[in-house]
2 protein chains.
Amino acid sequence: MEETDERKQGDVVDGPAESVTLIDVARVAGVAPMTVSRALHRPELVRSATQKRVLDAVRATGYVPNMLAGGLASSKSSLVAVLLPTIASSVFADTVQALMDGLTAARYQTLLGLTGYSAQREEELVEAILGRRPDGVVLAGTDHTDVTVERLTRAKIPVVEIWDLTDTPIDIVIGFSHEKLGEELARHLVKKGYRRFGVLTVDDPRALRRANSFIHELQRHDIDNVSFEIRLAPATVQVGREGASAVLEGSALEIIVCSSDTLAQGVLAEAASRGLQVPQDLAVMGFGDLSMAAHVYPALSTVRVDGGAIGARTAQALLERFASGDRAKDYLVRVDTGFTIVDRDSA
Amino acid sequence: MEETDERKQGDVVDGPAESVTLIDVARVAGVAPMTVSRALHRPELVRSATQKRVLDAVRATGYVPNMLAGGLASSKSSLVAVLLPTIASSVFADTVQALMDGLTAARYQTLLGLTGYSAQREEELVEAILGRRPDGVVLAGTDHTDVTVERLTRAKIPVVEIWDLTDTPIDIVIGFSHEKLGEELARHLVKKGYRRFGVLTVDDPRALRRANSFIHELQRHDIDNVSFEIRLAPATVQVGREGASAVLEGSALEIIVCSSDTLAQGVLAEAASRGLQVPQDLAVMGFGDLSMAAHVYPALSTVRVDGGAIGARTAQALLERFASGDRAKDYLVRVDTGFTIVDRDSA
DNA sequence: CTGTTAGCGCGTTCAT
DNA sequence: ATGAACGCGCTAACAG
């Protein structure tokens, strides 16, 4: 890392040095401050001639509205907080993109917080973030500390829990049931004739719930000897490969079910290095949204989730609430975005 | 998508309905509002007995400081804006993670904006975001509209341009030279004996600069017949695979240089489907930070960039500025984080 | 359609 | 170590 610090040349930018306020603009435009405010936010309430003079004054002065002041005065921040476990996990990428697209179009801005899969960290972040008086909060998952839930409830703003489903949401929940997914996947694979299963998962709470309900459903079909391996998050290809070794020890398996496409790729790599054909010798099941996986590994089966839909629906739900002025949430919304089992048949 | 809206059961949360203010806390604690403020922000200026009474009152009331009001009064928002082309491109994931880790530890919050590689969109976002009076701004790249640069300069706050290097930064720049990278890579590969090159890139500005300087340097070594293919961003594996087909048309190549690891994976897939051994029959060069690539494809060469270091260094630079009270930037900082050519030799 | 008054909740600056 | 007065920049609510 080469580093240089140098004196800056004497380049002074012309124009007003101090921050321009609404009052300055009003003075230049020859109107009252309130008229400037209106011209900017509710142009329909202002004569177009006045409107023009104001806009000219804004341009002339380089005025940038202070949203801290505006928010304080109006109790509306135009801010939405988004709390995710991590940004690394690409499963959330589409969701965030769609969510932000929707919010930005409606002139909302996004405050991002990273929880690292820790409910404790989420709790701290929620406290800090509520100080910003966001108009809404989006959280990944439904596992929160009691304090988090209480703070969120007291804030009396729309709260959306995503990428999961529950009968007792804080407010709005948009996602799918990880239990149902595990169950359906088990039934699907049993019906296809698989009997010797391996399960490889990281210790992310939602992944564990999928795995547990998967295994539980297998038991209902009298399949007990499942080779079960849990690794520490984050899920990387390397973890997948090492995990595959562990899972494959002992009895020969017909299929390994992974908690993510990334893990699955590691399993594929391990399979390849052992000379196993996928899916003939060993089938591999992933989970997620990594469109890459399907292209690179046509042999990989996966459970696909539409992260973009979750994000888009979340933005929509928030904007509806904002528009309706329902700052107090007096009805629940529960959207099941579902999932799709994408199966590469062994022939 | 199954959807349900249901009336909420009559669950009223106990505790104060309206927002608690500093004054309420002061009343409960039996002190002046100012003392509460101090107890919270500068505990060392308050007697520990008073301190305790205040904290008890805070807990009792469920008070959450209003940072809009605090920011307005103190002209300090504790907010850092981060503008990225996209969140999908995993190259930025490590950077954002490290940046936010550093900032969060210092109690700064992060406002995220997605520009979609559009300087115009960036300009609009900058305007909107400056209204929030952030204490600092982080931008990907150094290509901005004049208006963007002017607004940022006028804001008189630290501005960090990352993932690129320039002699004329707005303020701070932390990254590496894409031109130098292209040049060095060309020299490296020529020295290794390669002569028949293909280049596959997406139209992201920085990728194009790498590609152009790469090709230019090849020309200085009398290599002109480079098979050059530009595709529309975003870079996906699918694009990589299709692009590979295009690049491979015409004369046989010894190596294909890609603008990202993701594209490279598509090229690898295409190579495999043509029965080409990598790197013996065809070498493939990627770019980025996708640790996955190296594990899944040991045959893939790449130019590795330490995104985490960029993020960490950016946080550090910002925090230094904040601490020094240098709201007006009167010196330039230029950090070259460099890059590493990781070569899988053909034997 | 436009102006006036009042205050959002907090921190700065003095005084005590 | 603590308190009182003032204002940050803006908008709600009303008046005209």
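Naming: A, B, ... by sequence-line order, numbering from 1 per chain.
- With rounding to the nearest 0.5 Å, the separation of CZ in A/Arg132 from CD in A/Gln109 is 12.0 Å.
- Using a 4.0 Å cut-off, some side-chain N or O of B/Thr35 falls inside it from OP1 or OP2 of D/dG3.
- What separates CG of B/Asn66 from P of D/dC8 is a distance of 18 Å, to the nearest Å.
- Distance, B/Leu68 CG to D/dG9 C1': 12 Å, rounded to whole Å.
- Relative to the side chain of A/Val31, the nucleotides C/dG3, D/dT11, D/dA1 differ in distance, and C/dG3 lies closest.
- When each of A/Val82, A/Leu83, A/Leu125, A/Ile129 is tested with A/Leu111 by the rule side-chain contact (heavy atoms from CB on, under 4.5 Å), just one qualifies, namely A/Ile129.
- If you check every strand for non-hydrogen atoms under 4.0 Å, A/Pro65 touches sugar and phosphate atoms only.
- With rounding to whole Å, A/Leu22 atom CG is found 14 Å from D/dA12 atom C1'.
- Distance from the side chain of B/Ala73 is smallest to C/dG9 among C/dG9, D/dG9, D/dT11.
- For B/Ser37, counting side-chain heavy atoms from C-beta on, the closest listed nucleotide (C/dG11, D/dT11, C/dG9) is C/dG11.
- Proximity of B/Ser19 to the phosphate of C/dG9: a side-chain N or O atom is located under 4.0 Å from OP1 or OP2.
- More than 12 heavy atoms of other residues, nucleotides or ligands shown are found within 6.0 angstrom of CG on B/Leu45.
- Evaluation of atom-type donor-acceptor distances gives a pair under 3.5 Å for the side chain of B/Arg38 against the base of D/dG3.
- Remark: P of C/dG9 and CE of B/Met67 are 16 Å apart, rounded to the nearest angstrom.
- For B/Thr61 and B/Asp24, the side-chain atoms include no donor-acceptor pair closer than 3.5 Å.
- In this structure, A/Leu72 reaches the bases: a heavy-atom distance under 4.0 Å links it to at least one base atom across the strands shown.
- Nearest to the side chain of B/Tyr63, among D/dC10, D/dG3, C/dC10, sits C/dC10.
- Taking atom CG on A/Leu45 and atom P on D/dG16, their separation rounds to 20 Å, with Å as the unit.
- Each of C/dT4, C/dT13, C/dC1 was ranked by its minimum atom distance to the side chain of A/Arg47; first place goes to C/dC1.
- If you take CG of B/Asp24 and C1' of C/dC10, they are 13 Å apart, rounded to a whole angstrom.
- Atom-to-atom, CZ of A/Arg132 to C1' of C/dC10 comes out at 14 Å; the value is rounded to the nearest Å.
- Relative orientation of the A/Phe322 and A/Tyr108 rings is parallel, given thresholds of 30° and 60° on the angle between their planes.
- DNA chain D is contacted by both B/Ala32 and B/Ala69; B/Ala32 maps to the nucleotide lying nearer its 5′ end (nearest heavy atom per residue).
- A/Leu40 has its CG atom 12 Å from the C1' atom of D/dT11, to the nearest Å.
- Closest to the side chain of A/Thr50, out of D/dT2, C/dT2, C/dT13, is C/dT2.
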